[in-house]
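Below: one structure, written as structure tokens.
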Amino acid sequence: MYRERPSRVPGAVVWRRPGASPGATLRILPDGCMDLLWVGGELLVAGPDPVAHLGTGTGDAAGYTGIRFAPGTAPAVLGVPADELRGLRVPLASLWPEAEVGRLAERVHAAARPGVALEELAVRRLASAPPPDRAVPGVVAMLRRGAAVAEVADAAGLSERQLHRRSLPAFGYGPKTLMRILRMDRALTLARTGVPYAAVAARTGYADQAHLSREVKALAGVPLGVLIA
């Protein structure tokens, strides 16, 4: 069973998922976030996904453990712009010195709760990292509420071009893409409570039910009904 809890890192969650059966397809929906993962005895980074990421289960009994950072937070922890990792899964050792990652992996491996060790790693990195772009929290909050990109840029005191340029290293893509992803997340949350699709579309900012269906298929790769079945 998937489990998560709030992290000491602001806006982040620590999560754990059982290992998937060998050959099973894993569909990871885009959520505007990046994750630091402990999988198969290795530290990995999951970059921001513009569309669903498909993986394959390995049957690893230890499963998957990770810390999922709020949109715009991970670059400060990792020291890498988000757009350089868009749509990727990479070993942490490809971003940080291999010897340092080896020591960190030993620490996580020895921990009774790997999620706690990942969390402590992130807390230490954030304590010494430069602060993230000050505009990020407000931009995310407005996009999450469904504000138009022009409105978000105006509130941040930026042109739309400036907002786009600053969004790439923070989120991995432009504000319009992030808005679409966050809107789909709101729609899925609502649809899973049993709200009719037409009402979901109206309450989450889609033009109509057909628009909702097209967007979900474009971002998730499968129809809405498949995701909430």
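For Glu98, the CD atom sits in a loose shell: 12 or fewer heavy atoms of surrounding residues, nucleotides or ligands are nearer than 6.0 Å. For Arg161, the CZ atom is loosely surrounded, since the number of other residues' heavy atoms within 6.0 Å does not exceed 12. The local environment of CZ in Arg3 is sparse, with at most 12 non-hydrogen atoms from other residues, nucleotides or ligands closer than 6.0 Å. At most 12 heavy atoms of other shown residues, nucleotides or ligands fall within 6.0 angstrom of atom CZ in Arg203.
Note: Leu37 CG to Leu92 CG = 10.0 Å, rounded to the nearest 0.5 Å. Here CZ of Arg68 is found 12.0 Å from CG of Leu36. Values are rounded to the nearest 0.5 Å. Atom OG1 of Thr204 and atom CE of Met184 lie 11.5 Å apart (nearest 0.5 Å). A distance of 11.5 Å separates CZ of Arg86 from CE of Met34, quoted to the nearest 0.5 Å. Taking CZ of Arg8 as the reference point, atom CD1 of Ile67 lies at 9.5 Å (rounded to 0.5 Å). Taking CG of Leu219 as the reference point, atom CG of Asp49 lies at 11.0 Å (rounded to 0.5 Å).
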Derivation and outcome, side-chain contact (heavy atoms from CB on, under 4.5 Å), residues Phe171 and Thr177:
CA-CA 10 Å; Phe171 310 124; Thr177 297; over 6 Å; no
For the pair Arg180 and Tyr173, evaluate side-chain contact (heavy atoms from CB on, under 4.5 Å) and give the outcome as yes or no after the intermediate values.
CA-CA 11 Å; Arg180 292 174 63 212; Tyr173 24 64; over 6 Å; no
side-chain contact (heavy atoms from CB on, under 4.5 Å) assessment of Val14 paired with Arg113:
CA-CA 11 Å; Val14 177; Arg113 293 186 293 171; over 6 Å; no
side-chain contact (heavy atoms from CB on, under 4.5 Å) between Leu29 and Leu227, worked out
CA-CA 10 Å; Leu29 299 183; Leu227 295 177; 4.1 Å; yes
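The pair Arg107-Glu120 does not meet the salt-bridge criterion, since no charged nitrogen lies less than 4.0 angstrom from a carboxylate oxygen. Ion pairing between Asp35 and Arg89 fails under the 4.0 Å rule for side-chain N and carboxylate O.
Trp15 contributes no side-chain N or O that, together with a main-chain N or O of Gly115, makes up a donor-acceptor pair within less than 3.5 Å. Under the 3.5 Å distance criterion, the side-chain polar atoms of Glu84 are left unmatched by any main-chain donor or acceptor of Pro81.
Among residues two or more places apart in sequence or in another chain, the side chain to side chain contact (heavy atoms under 4.5 Å, CB included) test is passed with Val51 by none. Annotation: ring pair (Phe, Tyr, Trp, His ring centres under 6.0 Å) contacts of Tyr206 (sequence neighbours excluded): His211.
Cluster membership for Val226 and Val200, using ILVMFWY side-chain heavy atoms within less than 4.5 angstrom, is shared.
Among residues at least two apart or in separate chains, there is no side-chain hydrogen bond (donor to acceptor under 3.5 Å, both in side chains) pair with a member in residues 137-152.
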